[in-house]
Amino acid sequence: MQHSFFENPELYFKNDIPTGKIVWKSPSNIALVKYWGKRPVQLPMNPSVSFTLNNSVTETAVEYSPAKKGLNVTFYFEGKRNVSFEEKTKKFFENITNIFPFLNQLEFTIHSKNSFPHSAGIASSASGMSALALALCSIENDHFGTLNNENDFFRKASYVARLGSGSAARSVYGGVVIWGETSAVPGNSDLYGIPVTGNVHKDFLNYHDTILLVDSGQKKVSSRVGHSLMENNPYAKTRFKQASENSVKILDILKSGDKEDFIKIVESEALTLHAMMMTSNPYYLLMKPGTLNIIENIFEFRNETGIPLCFTLDAGPNVHLLYPDENSESVNNFINDRLKPYLSQNGFIKDNVGNGPERLI
Ligand code: PMV
């Protein structure tokens with residue numbers, strides 16, 4: 001599918017301009033193979049593969065009515081007016097009027113809230129941008145009927161979410177999602193994510209992700225800056241090749257159910273992401289002492305018990321613990337007995353692989 005599918009110049013109101021309200025709840029996701037490095041416009045340098053989460057969600061209500069003075073946005077985050085989100089959303093909408101020409105005819109009041117604590121240091125761009133993209137696709141379909149086909153609807157939502165935040169392209173589907181071109185998966189694209197859950201062993205679809213909040217501070221480096229650092233990273237080319245290969249490998253592993261091979265790729269991907277930040281100019285160290293202590297403890301726990309618990313990291317110090325459902329009691333005890341000293345006051349968030357977004361209104 002090409003760009004032209006997503007840009008329909010006919011999508012504007014020819015007669016009455018409507019009023020309405022749409023609410024979507026959309027989850028965050030955790031990358032198993034990481035997207036780090038992009039090219040214009042918001043296209044990935046390598047494919048990435050993720051688990052969609054279940055409990056870490058953004059709920060976004062979009063109210064729209066005829067614009068009095070052109071496209072306008074009023075944004076409330078967790079009940080309070082948020083000027084920064086307002087400006088970002090308005091700019092985002094202005095940038096996608098070629099995709100949704102009707103945006104120019106409307107003004108919006110948006111209420112958005114996250115299920116996870118705002119200061120927890122969890123990236124909310126994937127859940128937030130996917131919820132917003134889904135709402136815009138719902139406006140399109142409710143009034144123009146152009147996205148009645150479910151595949152078309154979610155593909156366009158993924159395409160639009162990607163323009164807001166790359167990783168958000170993967171949040172419009174449940175289970176396991178790949179975003180980015182690779183010859184190994186027919187129909188995939190740099191433009192949008194596609195679900196691959198049908199080819200995943202049930203053990204992985206029941207995986208848990210317990211997010212250990214090591215540090216709740218502001219992000220040290222924005223992902224925009226992080227991605228741009230890859231442009232001059234001396235190891236970038238090798239990294240992009242490795243990630244492409246790992247995307248193919250992880251899909252095979254997810255199919256086979258091989259938890260040992262899963263660990264090898266997932267942990268290596270996390271450490272490589274951080275290695276990229278350490279070898280950038282300027283360089284960044286995004287782990288905290290607590291992060292390393294937790295990782296050491298995971299290695300020990302795995303050696304002692306044989307339980308296939310592994311970790312992954314985002315571009316920050318928090319640790320995602322990934323493990324099978326059958327081991328959840330042992331892992332809970334491990335967290336309580338050995339990891340508590342390294343956690344911030346926010347503690348941890350219990351999550352698991354989820355079914356994807358849901359329209360509420
Ligand atoms: O979606 P962005 O631009 O915030 O980038 C996210 C990048 C990582 O979270 C570090 C990795 C990924 O693939 O989600």
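All values below were derived from every heavy atom in this structure, side-chain atoms included, with hydrogens, water molecules and symmetry-related copies excluded. Counting starts at 1 for both ligands and their atoms, following the listed order. One-based numbering along the sequence shown. The structure presented is a predicted model; accordingly, all values stated were derived computationally and were not measured.
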Please write down residue, atom name and distance for the protein heavy atom closest to [atom].
atom                    : result
atom 9 (O) of ligand 1  : Asp314 OD1, 3.2 Å
atom 4 (O) of ligand 1  : Ser223 OG, 2.7 Å
atom 11 (C) of ligand 1 : Tyr35 O, 3.4 Å
atom 14 (O) of ligand 1 : Arg170 NH2, 2.8 Å

If the cut-off is 4.0 Å to any non-hydrogen atom of [X], which atoms of ligand 1 fall inside it?
X      : answer
Gly166 : 1 (O)
Trp36  : 7 (C), 10 (C)
Ser165 : 1 (O), 2 (P), 4 (O)
Ala31  : 12 (C), 13 (O), 14 (O)

[X] N/O to ligand 1 N/O under 3.5 Å:
X      : result
Ser167 : yes
His227 : yes
Lys34  : no

Tyr159 ring centre to Arg162 NZ or CZ under 6.0 Å, with the angle to the axis within 45°?
-> yes
Show the numbers, then the answer: is there a side-chain hydrogen bond (donor to acceptor under 3.5 Å, both in side chains) between Lys34 and Asn246?
-> CA-CA 9 Å; Lys34 310 289 180 183; Asn246 279 347; over 6 Å; no
Just checking, is any N or O donor in the side chain of Ser127 or Thr58 under 3.5 Å from an acceptor N or O on the other one?
-> yes
Does the side chain of Thr52 pick up a donor-acceptor pair with the side chain of Asn29 at under 3.5 Å?
-> no
Are any of the side-chain nitrogens in [X] or [Y] under 4.0 Å away from the carboxylate oxygens of its partner?
X      : Y      : answer
Arg39  : Glu231 : no
Glu269 : Arg239 : yes
Lys90  : Glu94  : yes
Arg338 : Glu300 : yes

